[in-house]
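To keep things clear, I will list the structure first and then write my remarks on it.
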Amino acid sequence: MAEKVRDYPKLAGDILEAVGGEENIVNATRCATRLRLVLKRSKPSAKQEVNSLPGVITVVENGGQFQVVIGQHVGEVYDEFAKLVNVDTAEAGNENKGSILNRIIATMSAVFAPFIYVLAAAGILQGALILINLVFPNFETTSTYQVFSFISWAPFTFLPIFIAITASKHFKTNTYIAVAACAALVSPDWATMAASIADGNSMNFLGLPLTETTYTSSVLPPLFLVWILSYLERFLNKHMNEVIRPLFVPLISIIVMVPLTLVAIGPLTSLGANGIANGYNFLAEYAPWLAGAIIGSLWQVIVIFGVHWGITPMVLANFEQYGRDSFQAYQTIAVIAQVGAVVGVILKAKSKEVKKVGVSAGITGIFGITEPAIYGVTLRFKKPFIIGCISGAIGAIVASFFNPYYFAYAGLPGPLTIVNGINGDYPTSFIGIVIGAAIAIVLPIILIQIFGFGEDTAAQADSSVAVDQKDSNAEASAAENNEEVVHAPLSGKLLALEEVPDEVFSSGAMGKGLAIEPSENKVYAPFDGTIVMLAPTKHAIGLRSKSGAEVLIHVGLDTVKLNGSPFTLHVKEGDRVKQGDVLSQFDSEAIEAAGVQTITPIILTNPANYKEIIIDETETTTQGNDLLTVVK
């Protein structure tokens, strides 16, 4: 499914058709790897259809967006998609409202995602300059340093212009008008006027007082400016004669929006962002251990739910006000803890597939990108994710006693940005971050070696349970035959794993098997064995047979977001079950009403232990029928 894209116009057209055509598109943007669509209506089959297109890696629906993961060719696909859809002039009134939270998340994602790597690159350059100055103290006095320094600060100084470009596309307003208005905010002339006001001189605009607020590196003022501009521009375009529209729409927009921002929008939104930052800073100053514990333990949970973009204005407000920020110091430790959990799984796992996925996820984690680590490894086995969160909290708490700060913004906080904590005025900051990071990466490795990461822990528990003579004979018989049958845990239509519209399963990263589109609402044990894992949200069950076959039954796709409400479990971890025992029940109508598919992958998660895996190739199955035959 992730094959190289060759016909970009065709792929763009196929995606557009699958999601419901141009009339169903509210907005279309892109980031480094994803085509991000906002749809008026959610088409039930769209995810599966787009997932099956050549060149599409996977589809993620989150934060009010339909995200098509394409990879390095996303730019070419987006360019072709933009030719098919008039994303700049679509009526905002048709926008999919959704919840307020989803709309905020979608906005933050659409605005920051396209240029987050630019900020990350600038942050890494600043970190490199810090290291060079430590080795060569005189380097800071050279013009070469000065050139690299202003290069590294330029994206932050002119951040409102970046926001103008991406926000104008999200809010469907003229990009050039938005850039002109936001460029005025970072004009050196306004900086001079604001400095004069700060010195006590009174200035006003048409009798309205001007404040000393400056807008370099600001987030909310340009964002709100462009949002309000989108309404003003649509009003002017609707009511102004088309002959004078090209000239007077930009003119009126600029002379209204810039003063309005200087007088009202800017001071109010800056006050809001600074207020939130001050609230966090109060906690970090008077209870730093608590701030560290909260961020170290919960940051990756925030990433899972996709609301991490919302913290960017607060962090940037800290850098703008104080030139430092402790949030990113704790955030880095939380990221490193998940990397440590992945390393722990790699060292503990026996499965080559788990090790392979772990190495890939660990490498991306080094660069501060933890989604592959979370979805591919730590959350998959549940225990490593929890251990990572606990380790992140402990590491951040220890670091909090050293007054840790970042002195350069890190677009993607992680192992490579630790140097951003170096500052001569705060000598303990870097030491604290290093100690916290060391705890965060070493502790999960140790804990996972001791307690396992789900399957190994269950295997240890299983070995401690007394086995009666009948079970012993059955195990001996299975070993003698060198093969075992995995029976169908429910009835329904069979699907090849490659047909499952979820990249994690269809790629084989989880293991080998197939899927069932269920026709009933009960899940049965596929063999005699032990329950080794139950997802907290009740949607997934892991079992281990007496002869060692490890099977995951994952009821529905993306059902984790339903928080267990449609599911009823009849077993608990450690229970021994017989083939045909009822494991759980689910409400398929409630699942489908939530816009989630009930397709249930049945995955053999340790295929490397078997020479051959024979998969049933019929179209339908009934609970209890032979589904997989594994041969050692």
Side-chain angles (χ1 to χ4, degrees), residues 104-105 108 112 116 119-120 122-124 126-127 130 156 159 217-220 270 272-339 368-370 388-389 391-423 425-426 428-437 439-440:
I104 293 174
I105 294 170
M108 288 298 181
F112 288 105
I116 193 66
L119 300 186
I124 290 174
Q126 291 178 16
I130 291 173
F156 303 103
L159 185 61
S217 303
S218 65
V219 172
L220 294 185
S270 294
N274 293 337
I276 296 172
N278 290 335
Y280 163 75
N281 293 331
F282 179 85
L283 178 65
E285 181 177 354
Y286 291 99
W289 65 270
L290 181 57
I294 292 172
I295 299 166
S297 63
L298 297 181
W299 176 250
Q300 295 302 303
V301 177
I302 292 173
V303 171
I304 290 175
F305 289 101
V307 298
H308 51 298
W309 294 105
I311 207 66
T312 304
M314 185 204 78
V315 171
L316 288 172
N318 268 341
F319 281 107
E320 183 182 9
Q321 281 186 290
Y322 309 110
R324 65 183 189 274
D325 171 68
S326 64
F327 190 99
Q328 287 205 314
Y330 298 133
Q331 183 183 348
T332 293
I333 294 171
V335 168
I336 291 174
Q338 288 299 315
V339 175
I369 304 170
T370 54
C389 290
S391 301
I394 294 173
I397 289 172
V398 173
S400 71
F401 293 101
F402 294 83
N403 294 320
Y405 290 104
Y406 263 26
F407 300 93
Y409 177 80
L412 297 169
L416 297 182
T417 64
I418 290 177
V419 295
N420 291 17
I422 299 175
N423 187 279
D425 296 332
Y426 295 84
T428 63
S429 172
F430 181 65
I431 296 173
I433 295 173
V434 169
I435 294 174
I439 293 172

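Keep in mind it's a predicted model, so treat the numbers as computed, not measured.
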Please answer whether the main-chain N or O of Arg324 pairs with a side-chain N or O of Asn318 as donor and acceptor at a distance below 3.5 Å. no
Ignoring hydrogens and angles, tell me if any N or O in the side chain of Thr428 forms a donor-acceptor pair with the backbone of Phe402 under 3.5 Å. yes
To the closest 0.5 Å, what do you measure between CG (Asn281) and CZ (Phe327)? 11.0 Å
Looking just at side-chain N and O atoms, do Tyr280 and Ser326 make a donor-acceptor pair shorter than 3.5 Å? yes
Please round to the nearest 0.5 Å and tell me the distance separating atom CG of Asp425 and atom OH of Tyr405. 12.0 Å
Where is the tightest heavy-atom contact between Gln300 and Ala334, given as atom of each residue plus distance? CG-O, 4.0 Å
Can you name the nearest heavy-atom pair linking Gly292 to Ala396, along with the distance? O-CB, 3.1 Å
The reported gap from SG in Cys389 to CD in Gln338 (rounded to nearest 0.5 angstrom) is 5.5 Å
What is the minimum heavy-atom distance between Ala399 and Pro404, and which atoms define it? O-CD, 3.2 Å
Just so I know, are the side chains of Ile433 and Asn420 near enough to count as touching, which here means a heavy-atom distance under 4.5 Å? no
Which value, rounded to the nearest 0.5 Å, describes the distance between Tyr409 atom OH and Asp325 atom CG? 9.5 Å
Pro288 versus Phe401: any side-chain heavy-atom pair under 4.5 Å? no
Could you tell me whether the side chain of Ser400 and the main chain of Ile397 form a donor-acceptor pair under 3.5 Å? yes
Atom pair OH/CG of Tyr406 and Asn423 - distance to nearest 0.5 Å: 13.5 Å
Could you walk me through whether Phe430 and Ile418 satisfy the side-chain contact (heavy atoms from CB on, under 4.5 Å) test, starting with their C-alpha distance in whole Å, then the side-chain angles of each, then the deciding distance to 0.1 Å, before giving a yes or no? CA-CA 8 Å; Phe430 181 65; Ile418 290 177; 3.5 Å; yes
Would you find a donor on one side and an acceptor on the other, under 3.5 Å apart, between the side chain of Gln328 and the backbone of Ala410? yes
Taking all non-hydrogen atoms of both residues, which atom of Thr332 and which atom of Pro413 are closest, and how far apart? OG1-CB, 3.3 Å
Drop me the distance from Ile295's CD1 to Ile333's CD1, to the nearest 0.5 angstrom. 10.0 Å
May I have the step-by-step check of ring-ring contact (aromatic ring centres under 6.0 Å, His included) for Tyr426 and Phe407, ending in yes or no? CA-CA 10 Å; Tyr426 295 84; Phe407 300 93; 5.4 Å; yes
Given 3.5 Å as the limit, does a donor-acceptor pair link the side chain of Ser391 with the main chain of Ala337, or not? no
